[in-house]
Trainee: 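Dumping the structure here so I can ask a few things about it.
Predicted model only: the values in this text are computed from it and were never measured. Proteins get letters first, then strands, A, B, ... in listed order; numbering begins at 1 in each.
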Amino acid sequence: MAEYNSLERIRLQKVDELRAEGVEPYPTRAKRTHTSAQAIAEFEKDETKEVKVTLAGRVRSMRPKGKLCFAHIEDGDGKIQLFLRVNEVGEERLAFFNKMFDLGDFMEATGTMMRTKAGEASLQVLDFTLLAKSISPLPADKDVTQEDGTVVRYASLDDAELRARQRYADLAVNPEVRETFRKRAKLIKSLRDFLDGQGFLEVETPVLQPLYGGAAARPFVTHHNELEQDMYLRISFELYLKRLLVGNLEKVYEIGKDFRNEGVSFKHNPEFTQLEFYWAYADYLQVMELTEQMVVHAVEQVTGSTKIRYGEHEIEFKPPWRRLEMRQGILETSGIDIAEHRTAEALLKAIKEKQPKAAPDPKATRGKLVDFLLSEFLEPTLIQPTFLYNYPRDISPLAKSIPGDPLTVERFEGYVAGFELCNAFTELNDPLDQESRFLEMGRDYEADDEEKHPLDEDYLRAMRYGMPPNGGFGMGVDRLAMLVTNKQSIRDVLLFPALRKEE
RNA sequence: GGGCGCGUAGCUCAAUGGUAGAGCAGCGGCCUUUUAAGCCGUUUGUUGAGGGUUCGAUCCCCUCCGCGCUCACCA
């Protein structure tokens, strides 16, 4: 049972009073004819013509002034001022409005458009109705535009926890939050449009899987009662999408949620939106070109420019992006040439000599050490969009080796603003090689390591029917959303980010 | 999981080893062109929870809860 504070109790009492007067505080239907923006546009076409409209929205401010009252309501398009006078609505109705309406209420108002003495296009109200009484006051929010044009916000909702937990309140009072999520929707639509235009088929593969795979991550485990078996929430789409290539679907993609039972950070959420595509007969170089085209298309659709501002950086997405061989990048930033150190022992020794302050895991494989050098030294320098290519084989069990170089695979990652945006490779399609890679991975992890790749026999069975050579791609859509909305935390681009349960 | 920090009114914040204030919101008035409206009056708190030290804790100590930053983890 909810407990009400003093403000809420006053409003609840108003609900009772309204009902006692025969006024329904939550009527079933609204009769809106225009949004605020439509009404203003129509009025401004010809201000001598009478424009009669019914508007609806949330009351955001009330300024009663004796025999008249100004109020702003906000709808999906913006705010509009209501102007109520005793001349039109009568003394009794004006008093009713002042007494019974509160900030946050949804209401409807019918009237004619007019311009106030201060010059604001407003609705001169003839009649009004309550649409939904607000019991709990929304966090107060006042924007004041000062003479020099700067907007000062008084008493807004900016507690990060409250904003994430009660996103509905955050959205209700912070218009720029609504804008962020409009941009996010536009981003996803533009990615979809691009891939559709390239002839890719959008598919849906299982979220609930008998076996997880396609990435190294701890899964969420659940249980199906009737089948009497454990199920996993997917950690990637990869293995299912590649099964479709076996089925002669040549270009497929999926946009959806992945789930990883791991740490939460400014760039990690346990469930996140992934885009993956697989492209038969293409290799990682072709995927690289398609990637830069796709991303610049999306950035341009959302922001209107190929260039964005992200924090202190200005980032240009126009292709071609910088291409940097991983070996070269690591050499330039750490002074270590990984090609000269072909074993984990040798590489570890080199790191200790050249970078005594660095603290790599002494038990790491060679691939993990390369990854360490990458994230420690190279990654922070990759601000402008950069394709880092050619990765160590042992951290890439699903990628194909470079002909003639068994330690290196045809793989690239796209980096922007110092973090990984996407990951792609020429996909391994040799079932025998794939099987030995799975077994190899198994040896590199402890028996109880939850990140150990389970051996997916059905996937190998599919591959044995024959899988065309292909290029595959995966991208964290939330991270791209962070870039185009200039948000420093993944939470700001997720409507309901993962939070600990409230007590 | 480790480290650091934070938690005070509906919102934004202040204060102090002697049980708390401001602005906004609210409530009661006045006001026929306001937009942070103004003016007069006025209310609001288990100071995140529990325990300890103390004559006395919101402040000091411990535990817990929640959040933020960060490290670890994360192909």
Trainee: Say you pick atom P in B/C60 and the same atom in B/U43; how far apart are they, in whole Å?
Mentor: 31 Å

Trainee: Do A/Phe412 and A/Phe425 have their ring centres less than 6.0 Å from each other?
Mentor: no

Trainee: Whole-Å distance between B/G66 C1' and A/Gln166 CD?
Mentor: 14 Å

Trainee: I need the CZ-C1' distance between A/Phe70 and B/G38, as an integer number of Å.
Mentor: 13 Å

Trainee: For B/C59, which nucleotide in any strand shown is its Watson-Crick or wobble partner with both distances under 3.5 Å?
Mentor: none

Trainee: For side-chain hydrogen bond (donor to acceptor under 3.5 Å, both in side chains), just list the numbers for A/Glu427 and A/Asn470, CA-CA rounded to whole Å, side-chain angles, deciding distance to a tenth of an Å, and then say yes or no.
Mentor: CA-CA 6 Å; A/Glu427 302 288 339; A/Asn470 70 92; 6.0 Å; no

Trainee: Taking only residues two or more places apart in sequence, or in another chain, which ones meet A/Glu17 in a side chain to side chain donor-acceptor pair (under 3.5 Å)?
Mentor: A/Lys99

Trainee: Nucleotides 28-31 of chain B: which of its N/O atoms have a protein N/O under 3.5 Å away?
Mentor:
residue : atom : partner : partner atom : Å
B/C31   : N3   : A/Gly66 : N            : 3.0
B/C31   : N4   : A/Gly66 : N            : 3.3

Trainee: When the C1' atoms of B/U54 and B/G17 are considered, how many whole Å apart are they?
Mentor: 9 Å

Trainee: For atom P, what is the distance between B/C27 and B/G66, given to the nearest Å?
Mentor: 36 Å

Trainee: What's the gap between B/A37 and B/C31 when it is taken at their C1' atoms, as a whole Å value?
Mentor: 11 Å

Trainee: With a non-hydrogen cut-off below 4.0 angstrom, is A/Thr116 in contact with a base, only sugar-phosphate, or nothing?
Mentor: base

Trainee: Quick one: does any side-chain atom of A/Arg93 pair with a main-chain N or O of A/Glu91 as donor and acceptor, under 3.5 Å?
Mentor: no

Trainee: Among residues at least two apart in sequence or on other chains, which ones pass side chain to side chain donor-acceptor pair (under 3.5 Å) with A/Gln81?
Mentor: A/Arg63, A/Ser122

Trainee: Base, sugar-phosphate alone, or nothing: which one does A/Lys267 contact when heavy atoms must sit under 4.0 Å apart?
Mentor: nothing

Trainee: Atom OH of A/Tyr168 and atom P of B/C11: how far apart are they, to the nearest Å?
Mentor: 13 Å

Trainee: Would you indicate what A/Arg260 reaches in the nucleic acid, counting non-hydrogen atoms under 4.0 angstrom: base, sugar-phosphate, or nothing?
Mentor: nothing

